[in-house]
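It should be emphasised that the depicted structure is a prediction, and the values quoted were computed from it without experimental measurement.
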Amino acid sequence: MADTATELETLLSGLNDPQREAVTYGEGPLLILAGAGSGKTRVLTHRIAYLVATDAAKPNEILAITFTNKAAGEMRDRAELLVGRRVRAMWVMTFHAACARMLRAHADKLGYTRRFTIYDQADARRLIKRCLDELGIDPKRFTPASIHNQISDAKNKLRDADAYAQMVGSFFEQTVADVYRAYERELHRMNAMDFDDLLVRAVNVLELFQEVRDQYAGTFRHVLVDEYQDTNHAQYRWLQLLAEERRNLMVVGDDAQSIYGFRGADIRNILEFEDTFPDAHVVKLEQNYRSTQTILDAANAVIRNNRGQKPKSLWTELGQGDPIKIRELEDEHAEARFVTGEVQRLLDEGVSRAEVAVFYRTNAQSRVLQDTLVRGDIPYQVIGGTKFYERAEIKDAIAYLITLVNPQDAGAFTRIVNAPRRGIGSTSMSRVLAFSNTTGTSIWDAASEPEQVPGLGGPAVKAFKRFMATMHVLRERATSNPPIAELLKEVLQETGYLEALEAERTIEAQGRLENLEELVNVAAEYDAAAETDPAREPSLAEFLEQIALISDADDRSDDEGLVTLMTLHNAKGLEYPIVFMIGCEEGVFPHSRALDEGGLEEERRLCYVGITRAQRDLYLTYARTRNVFGARSFGAPSRFIGEIPDGLTDREQQQPRGLAGVRARATSWVSAGSSGGSVPAWDADAPTPAAAAFRMGEDVTHPKFGEGVVTGLEPGGIVVIHFSRDGSERKMVADLAPISKR
DNA sequence: TATAATTCTCTTTTT
DNA sequence: GAGAATTATA
C-alpha cells in the first residue's frame with residue numbers, strides 16, 4: 001500500500017489548491033470553472049488517474065468526453081503517462097465517436113443495421129436538395145443549407161419531425177417541417193445517419209430501451225466532460241441518461257469560451273449546472289499558467305463587456321510582460337507583409353517557427369497570408385480549411401467503399417455510378433432510383449437487374465450490367481476482410497477510376513491521383529494500427545466511421561519547424577508564445593453575419609479565446625481596406641480593439657472609430673486614387689459610403705431575408721431594416737451587408 | 001448523353 | 001474571384 005501512497009503523492013504534487021480539490025473530490029456532481037490556461041486538461045487527466053489509483057473506478061468504468069478527436073487523443077496520451085496501459089480500457093473519445101460506438105451495437109433496435117453510413121454536412125445537404133426536388137420546392141427560395149441548419153437546430157434540441165411540425169409558425173418553417181419528414185424518411189431508408197443523428201439516436205436508444213440504459217449507466221461509474229460550455233441539449237440529455245443514477249458527473253468548462261452557439265451549443269448548460277444539480281460542488285480555477293498579466297488584463301477587459309458571464313478574473317505569477325502590439329495597415333496585403341516581416345524578425349532573434357501562430361476569423365483570410373509567407377520563404381502549416389475529405393476524388397473513393405458496406409445508401413451509389421463516366425446519365429439513374437423507391441428494393445438490387453426497370457434504354461441497361469458486375473466482384477472480395485488499403489486499390493483499379501484520371505494527363509488530375517495515394521496511405525495506417533492491437537476488430541465499416549468523424553483540425557503537428565495558421569475557432573485549447581490576430585475590423589471580426597444574428601457576445605468570447613492563446617507576445621492588426629468578394633470594402637477597426645485599455649497596448653492615442661473614421665479614410669483613399677489601380681465598390685463620384693445612400697422608409701432587398709424597409713439609421717454606418725418575410729427587424733452594417741435598393 | 005460555356009451564388013466559425 | 005449549377009451545343 002506504500003506504493004499507492006507514493007503514487008498518490010506524485011499524482012498530486014505540483015497541483016495548486018483548487019486543482020487538487022478538483023482532482024480529489026469524492027462522489028457527486030462536480031463543476032469546474034476553468035479559466036483559460038488554468039490547467040484543466042491537467043485536472044481532468046489527474047482526476048482520471050486519481051480515480052483509478054484510489055479504486056474509485058476501474059479503467060473501464062470511466063467515460064471521458066471531449067469535442068474533438070485532437071482533444072481526445074491528447075487526453076488519452078496524457079492519461080497514459082499517468083496510468084499506463086490501463087487507459088486502453090477507458091472510453092476517452094468525442095461525443096460523436098462514443099455515440100457511434102453505442103449505435104454500432106444497438107442501432108438494430110431502431111431499424112438500422114450496424115453498418116449504417118454516417119453523412120457529413122455535404123452529404124446531408126445533397127440529400128436535402130433531393131428532398132426539395134421531390135417535394136417540388138424551389139431550392140432557390142429556400143436553400144438546402146438554410147433548411148439543413150433549421151433541421152440540425154431542431155435535432156440538437158431533440159425535436160423530431162413531428163414535434164417540429166407542431167410548432168411551425170412561418171411559411172418557411174412549414175416548408176422545413178415537410179422537408180424534415182422527407183429527409184428523415186430518406187436517411188432511414190438509406191440506412192444512414194447525419195452527425196446530429198448520432199446523438200439523437202443514441203439518446204433514443206437509451207430512452208427507449210431500459211436494458212441498454214442500465215448497461216451503460218451501470219458501467220460508467222464516473223463520467224467526465226471537457227469543454228462543457230459547448231454542449232447542446234442532445235448532448236446534455238445523453239449525459240443525463242448516463243450519469244443521472246450514479247451522479248458522478250464532472251464537467252469542466254469556461255462560459256467565457258463558449259463559441260459554438262451557432263452549432264446549437266447551449267451556454268445555459270454550464271450557467272445553470274448548479275440549478276440542475278443543487279448539490280453540485282463548484283471549483284474555480286483562476287490562476288493562469290500561460291500568459292503575461294498584460295495579456296490577461298486585456299482578455300479580462302474585453303470579456304467584461306459581455307453580460308451574464310460567471311464572474312471570474314484570471315491572474316498569473318508570470319509578470320507584466322510586453323504591451324500588446326496594435327497595427328493599422330493599408331490593406332490585407334500590407335497586413336500580410338507586416339506579419340511576414342515581423343515573423344522574419346522574430347526568427348532572426350532566435351524564436352522558433354513553432355512558437356508563432358496567426359489566427360483569423362474566416363478561412364478565406366489565410367490565402368493572402370500564405371502567398372506572402374511563401375514569398376518570404378517561411379514554412380507554415382494551415383490547420384483546417386484544407387478539406388482533404390471533402391475533395392471530390394476522395395469522396396468518390398469513399399462512396400465506393402460505402403456502397404460495398406451499405407448497399408442501401410443511394411446517396412453514395414448515385415455519386416459513383418457515373419464516376420468515371422460509363423454512360424449512365426442522370427436520366428437513367430433517376431429511373432433506377434424511382435424503381436427502387438416504388439418497389440422498395442435497395443438501390444443495389446435495383447441496379448443489379450436493370451432490365452426490370454421500366455423505361456431504361458438498351459445502352460443504359462448494358463452499362464448498368466457491366467458496372468454492377470464489377471461491383472459484385474468487389475463486394476465478394478470485401479466480405480473476406482482484406483486489408484483496406486488493398487481493397488481500396490482494387491476498387492480504384494477495377495472500376496476504371498484511376499485509368500480515367502491517368503488518361504486526363506492534366507496537372508489537376510495528377511493532384512487528384514496524389515490525393516488518392518494519400519487516402520490509400522490513410523487506409524494502410526489503419527490496417528497497421530489494427531494489426532498491432534489485437535483487441536480491435538478492424539472492419540471496413542469501422543474504418544469508414546473513423547473517416548467520417550475525422551476533422552481537418554486533427555492533423556496539427558507541433559514539433560515541426562512551422563508557423564501555424566488557423567481560424568480562431570480552431571485555436572481553442574491551444575497556446576503559442578507569439579500570437580497574431582489579423583483582420584480585426586468591424587464586419588470581419590466581429591463578423592458581419594454574426595452581428596446580423598445577434599451573435600456579438602459570442603464573437604467577443606471568440607476574441608477572448610484568441611487573446612488568451614498568447615503566452616508572451618500578442619499582435620492585433622487591422623486593415624483600412626480589404627477585398628471582400630473581389631470588391632474593395634472599408635472597415636473600421638474592430639470594437640474589440642477599442643475595448644482593450646490603451647495602457648496595455650503600444651498605441652499612442654485612440655484611433656478614430658465609427659462612421660466618421662470610415663468616411664474620412666474612404667475619401668482620402670479615393671482621392672489618393674492611384675494606389676493599386678483597384679476601383680472602390682461604389683461609384684467614384686459618390687465618395688460617401690453606401691450607408692449614407694440609404695434613407696428612412698426606403699425599400700430594400702436582402703438575398704437571405706428578402707424584402708424589407710429601412711426603419712432606422714444609426715451611427716457607425718448601421719441601418720435598421722424591418723423584413724416583411726419573417727417580420728424581423730435587423731441591424732446591418734450598410735457597407736458590408738448585401739442589401740440593395742428595390 | 002456528354003462536354004463546354006456561361007451564369008449565377010456564395011463564404012463564419014465545425015463534430 | 002472560385003465553385004457549383006445551369007444551359008447550350010455537339
Selection from [options] that lies nearest to any side-chain heavy atom of [X]:
X	options	result
A:Ser428	B:dT15, B:dT1, B:dT14	B:dT1
A:Arg367	B:dC10, B:dT15, C:dG1	C:dG1
A:Asn363	B:dT15, B:dT13, B:dT1	B:dT13
A:Lys129	C:dT6, B:dT14, B:dT13	C:dT6
A:Thr94	B:dT15, B:dC10, C:dG1	B:dT15

Integer-rounded Å distance: [N] [atom2] and [X] [atom1]:
X	N	atom1	atom2	value
A:Lys462	B:dT1	NZ	P	16 Å
A:Leu600	B:dT13	CG	P	18 Å
A:Leu568	B:dT14	CG	C1'	14 Å
A:Lys572	B:dT15	NZ	P	11 Å
A:Asn149	B:dT13	CG	C1'	12 Å
A:Gln121	B:dT14	CD	P	11 Å
A:Glu332	C:dG1	CD	C1'	12 Å
A:Arg130	C:dA5	CZ	P	14 Å

> Stacking here means centres under 5.5 Å and planes under 30°; does A:Phe262 stack on B:dT13?
Replying inline: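 Aromatic stack with B:dT13 present for A:Phe262.
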> Relative to the 5' end of DNA chain B, which residue comes earlier, A:Ala364 or A:Ala460, by the nucleotide with the nearest heavy atom?
Replying inline: A:Ala460
>> Let me spell it out: for each of A:His96 and A:Thr143, pick the nucleotide of DNA chain B with the closest heavy atom. Which residue's pick is nearer the 5' end?
In response: A:Thr143
OP1 or OP2 of [N] versus the side-chain N and O atoms of [X]: is any pair under 4.0 Å?
X	N	answer
A:Asn418	B:dA2	yes
A:Thr68	B:dT14	no
A:Asn69	B:dT15	no

>> What I want to find out is whether A:Lys157 reaches A:Asp153 closely enough, with some N-O distance under 4.0 Å, to be called a salt bridge.
In response: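 Yes, A:Lys157 and A:Asp153 are salt-bridged.
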>> If the threshold is 4.0 Å, N to carboxylate O, is there a salt bridge linking A:Arg604 and A:Glu643?
In response: yes
> A:Thr117 and A:Asn406: side-chain donor and acceptor closer than 3.5 Å?
Replying inline: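 Indeed, the side chains of A:Thr117 and A:Asn406 share at least one donor-acceptor pair under 3.5 Å.
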Aromatic centroids of [Y] and [X] separated by under 6.0 Å:
X	Y	value
A:Phe95	A:Phe67	yes
A:Phe359	A:His569	no
A:His106	A:Tyr112	no

Select base, sugar-phosphate, or nothing to describe what [X] touches, counting heavy atoms under 4.0 Å on all strands.
X	answer
A:Phe95	nothing
A:Phe67	sugar-phosphate
A:Gly599	nothing

